[in-house]
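Okay, so here's the structure we're looking at.
In this text the structure is predicted, and so the values were computed from the model without any measurement.
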2 protein chains.
Amino acid sequence: MAQQNPYGPNPGDFLSNVSNFQLIESTLREGEQFANAFFSSEKKIEIAKALDDFGVDYIELTSPVASEQSRKDCEAICKLGLKAKILTHIRCHMDDARVAVETGVDGVDVVIGTSQFLRQYSHGKDMNYIAESAVEVIEFVKSKGIEIRFSSEDSFRSDIVDLLNIYRTVDKIGVNRVGIADTVGCANPRQVYDLVRTLKSVVSCDIECHFHNDTGCAIANAYTALEAGARLIDVSVLGIGERNGITSLGGLMAKMIVSDRDYVLSKYKLHKLRDLENLIADAVQVNVPFNNPITGFCAFTHKAGIHAKAILANPSTYEILNPSDFGLTRYIHFANRLTGWNAIKSRVDQLNLHLTDDQCKDVTAKIKSMGDVRSLNIDDVDSIIREFHADVSEPATKKQRLESTPVCTDPIEPETSA
Amino acid sequence: MAQQNPYGPNPGDFLSNVSNFQLIESTLREGEQFANAFFSSEKKIEIAKALDDFGVDYIELTSPVASEQSRKDCEAICKLGLKAKILTHIRCHMDDARVAVETGVDGVDVVIGTSQFLRQYSHGKDMNYIAESAVEVIEFVKSKGIEIRFSSEDSFRSDIVDLLNIYRTVDKIGVNRVGIADTVGCANPRQVYDLVRTLKSVVSCDIECHFHNDTGCAIANAYTALEAGARLIDVSVLGIGERNGITSLGGLMAKMIVSDRDYVLSKYKLHKLRDLENLIADAVQVNVPFNNPITGFCAFTHKAGIHAKAILANPSTYEILNPSDFGLTRYIHFANRLTGWNAIKSRVDQLNLHLTDDQCKDVTAKIKSMGDVRSLNIDDVDSIIREFHADVSEPATKKQRLESTPVCTDPIEPETSA
């Protein structure tokens with residue numbers, strides 16, 4: 001195509017990190033908060049290795065103070081020698097920080113609720129207390145020579161002045177990243193863009209974003225945050241987390257590959273996505289959603305006649321995602337009443353049979369009639385095609401037969417499809 | 001809360017229809033293009049009635065030229081006398097329009113591919129031809145006194161000048177709506193905002209938007225389109241459609257109720273959402289995704305200790321969506337190692353037992369130890385609590401017991417949760 005990729009980075013976004021983002025993979029932290037999750041130590045190690053092999057930049061683990069085994073597992077994963085940096089996620093409290101820095105992690109993610117709701121009903125502290133705790137914890141963690149992130153919680157229901165004040169404070173004392181969290185999963189993309197862009201003008205460190213998916217916007221919000229200048233996105237495999245989870249690794253890969261295919265392919269082993277998702281789905285006993293981005297069973301299935309026709313001529317017509325990038329294949333669904341004769345002709349060719357275009361239209365009309373009566377499968381269609389083919393080809397040759405009796409009594413219908 | 005709802009309509013969006021949107025429900029058109037969909041006539045009627053009862057504004061049906069039964073079903077649904085207006089969806093061609101207007105529909109949705117890809121590989125026509133066909137079809141449908149929508153297909157990969165030209169042309173001859181379609185499911189929210197806002201300055205009719213979900217942004221794009229001034233959104237139940245589908249009815253309801261609860265509750269029977277989704281899931285033989293907005297099995301399940309604590313104090317801390325609006329209930333997941341003593345105390349109260357806060361912290365430590373070893377269920381937790389309670393209460397009275405021997409040898413741990 002001559003024109004520029006319309007889904008590429010917006011040239012007007014001077015601060016965009018769409019082509020320079022990093023992943024903080026939180027299946028072993030946020031994902032452990034998923035209702036069904038119980039990961040044994042062996043399973044955590046298997047997951048950490050699989051995430052590292054996929055190419056994630058950071059792996060975030062449950063707080064070592066959550067339980068005794070959580071601490072031991074954190075230490076064990078730090079000793080694996082993975083390429084990904086290992087983080088753990090703690091409350092903004094010295095009791096937690098002292099344990100965290102001894103586990104061997106590369107960095108600590110600190111979080112504290114800053115909304116009026118959380119200040120009142122969760123920890124009961126005011127913004128001054130929050131700032132003091134933050135400074136104490138950050139300086140302590142930095143003194144150990146490891147990375148530190150400070151994040152607010154429920155950022156979009158926090159007072160903007162309070163937020164910018166505390167972010168500027170922690171930026172000045174030298175955090176590696178500040179985090180924005182849509183803890184209740186209700187932010188709008190343009191709201192995300194505005195907050196990230198404003199924050200970008202206040203701090204010099206990197207910005208990390210964490211989006212819950214209660215209203216189905218977690219992938220879009222992540223993308224829009226990168227456009228505004230955020231650098232890091234929290235993800236989990238299949239999006240598992242509290243309630244119905246966060247931005248999913250696979251969904252974000254789908255979104256990002258459309259914008260910058262070279263960058264994504266240079267960093268992440270996309271053909272391992274399906275195995276990674278199956279690993280997690282098995283571990284937490286859920287099915288991969290039928291409509292999951294990329295790996296849903298029908299993500300590359302084309303059904304309506306005009307879709308099938310165009311896909312057969314050029315897959316880019318109805319697909320920007322290339323299934324082969326993910327080790328997957330596309331599928332033309334032709335066994336139904338919405339089918340068109342181009343799809344049926346393609347099937348005839350696959351069966352190594354020979355029919356003219358008009359004959360393909362005839363057999364398509366038969367298939368549509370049958371498809372009006374009941375659900376069809378491929379065998380049904382193949383039987384109709386083979387029977388039709390036999391009628392027009394045998395026992396006489398096609399030419400002889402055409403000269404003697406009508407091949408087919410059905411009227412030739414136009415290609416009809418929605 | 002004193003402050004304004006941060007998720008409400010943006011006061012800067014003068015053209016916003018966030019508080020004035022309508023739904024075009026397309027389970028019986030787009031949804032029929034879902035790989036697994038085969039709807040019998042009876043099932044279509046059952047679905048149409050359920051959608052109407054839910055309160056959707058329009059119901060869109062498969063083209064009557066797709067098959068003979070498709071036409072008969074369209075006629076039958078038009079005769080049901082539903083409150084929702086009935087639409088059918090056709091190619092921009094007089095052959096289709098002549099059939100459509102005879103079915104009894106309230107309106108016709110016309111679509112034609114306008115991207116370079118579709119012009120080259122689908123219908124092979126240029127923009128002049130498209131404009132001429134559009135004018136002919138629109139004037140014909142209008143002459144029959146029914147509504148007409150003209151939509152481009154693959155709008156975000158179409159030339160902007162071509163698009164605005166044809167939209168202005170059809171607006172001048174009096175279409176009811178023009179449509180924008182993200183046919184390949186890759187648009188970004190800010191791109192959607194820009195295109196809708198630009199189009200809004202060119203046409204005076206309503207704008208309808210149709211978003212595929214290949215990159216997981218269909219709900220966010222729909223919301224952003226409304227912010228920019230679009231009025232109507234195409235949805236389907238569970239989002240079923242070509243490939244992995246479009247904006248889901250339930251997901252959009254989740255998004256919209258956060259922004260304007262009164263408007264949404266005044267129009268749509270949200271407590272019927274779960275039944276509606278189950279009806280469609282059964283009909284197309286899929287499971288409701290584990291992470292589906294609203295109705296996913298864990299959408300209102302809270303697990304980590306600090307989440308559970310705050311939810312118990314005030315549900316708004318970690319929930320903006322109110323499960324009771326949908327006829328659902330929230331659930332505090334406390335049978336796991338991430339639990340906190342507040343959640344356990346709540347369970348102790350539910351069991352009508354009496355333990356002090358310190359005793360609750362002790363029993364929480366026991367539960368966390370057990371949760372490190374294996375996955376727990378409620379019975380496990382209840383057994384631990386009852387056993388602990390028996391130890392501290394019987395056979396001596398609690399006070400007597402405390403005076404004689406230590407109640408519990410476990411150290412009291414701080415509330416530890418992620």
Side-chain angles (χ1 to χ4, degrees), chain A residues 6-7 33 35 38 62-63 65-69 89 117-118 121-122 156-157 184 186 188-189 214-217 219-220 223-224 239 242-245 251 254-255 258 286-287 289-291 293 296 298-299 301 303-304 307 310 313-314 316-318 320-321 333 337-338 368 372 375 416-418, chain B residues 6-7 33 35 38 62-63 65-69 89 117-118 121-122 156-157 184 186 188-189 214-217 219-220 224 239 242-245 251 254-255 258 286-287 289-291 293 296 298-299 301 303-304 306-307 310 313-314 316-318 320-321 333 337-338 368 372 375 416-418:
Chain A
Y7 303 115
Q33 294 175 223
F38 171 81
T62 293
S63 170
V65 302
S67 73
E68 180 64 13
Q69 195 60 46
H89 181 267
F117 283 107
L118 292 177
Y121 295 104
S122 179
F156 293 89
R157 291 194 298 171
V184 293
C186 293
N188 315 320
D214 298 73
T215 58
C217 296
I219 297 168
Y223 182 82
T224 310
E242 281 282 349
R243 304 187 309 282
N244 60 6
K255 183 70 201 149
V258 170
V286 298
N287 293 314
F290 76 87
N291 55 1
C298 51
T301 298
K303 183 167 170 185
H307 284 230
N314 180 344
S316 293
T317 46
Y318 285 98
I320 295 189
L321 295 163
H333 190 309
R337 64 178 152 200
L338 305 182
K368 280 172 170 284
D372 261 348
S375 181
T416 52
S417 48
Chain B
Y7 303 116
Q33 294 175 223
F38 172 81
T62 292
S63 170
V65 303
S67 74
E68 180 65 12
Q69 194 61 46
H89 180 266
F117 283 108
L118 292 177
Y121 295 105
S122 180
F156 294 88
R157 291 195 297 172
V184 292
C186 293
N188 314 321
D214 298 74
T215 58
C217 297
I219 297 168
T224 310
E242 281 281 350
R243 306 186 308 281
N244 61 4
K255 184 70 203 148
V258 171
V286 297
N287 293 314
F290 76 88
N291 55 1
C298 53
T301 297
K303 183 167 170 187
I306 56 174
H307 284 232
N314 180 344
S316 292
T317 46
Y318 285 99
I320 294 190
L321 295 162
H333 190 308
R337 63 179 153 199
L338 305 182
K368 280 173 170 282
D372 261 347
S375 180
T416 50
S417 48

Which one wins on heavy-atom pair count under 4.5 Å against chain A: [options]?
| options | answer |
| --- | --- |
| B:V286, B:I219, B:N291, B:D372 | B:D372 |
| B:A313, B:S375, B:G239 | B:S375 |
| B:T301, B:V258, B:L321, B:N314 | B:N314 |

Query raised in the report: Among A:C186, A:G245, A:P289, who wins on heavy-atom pairs under 4.5 Å with chain B?
Result: A:C186
Heavy atoms, side chains only, cut-off 4.5 Å: are [X] and [Y] in contact?
| X | Y | result |
| --- | --- | --- |
| A:N188 | B:K255 | yes |
| B:T215 | A:Y7 | no |
| A:T62 | B:R337 | no |

Query raised in the report: What part of B:P189 is in contact with chain A, defined as an atom under 4.5 angstrom from a non-hydrogen atom: side chain, backbone, both or neither?
Result: side chain
**Report entry** Which atoms of B:T224 approach chain A - backbone, side chain, both or neither, heavy atom under 4.5 Å
**Finding:** side chain
Report summary line: With sequence neighbours left out, the residues meeting side chain to side chain contact (heavy atoms under 4.5 Å, CB included) with B:N287 are A:N287
Query raised in the report: Which residues satisfy the side chain to side chain contact (heavy atoms under 4.5 Å, CB included) test with B:A299, sequence neighbours excluded?
Result: A:N244
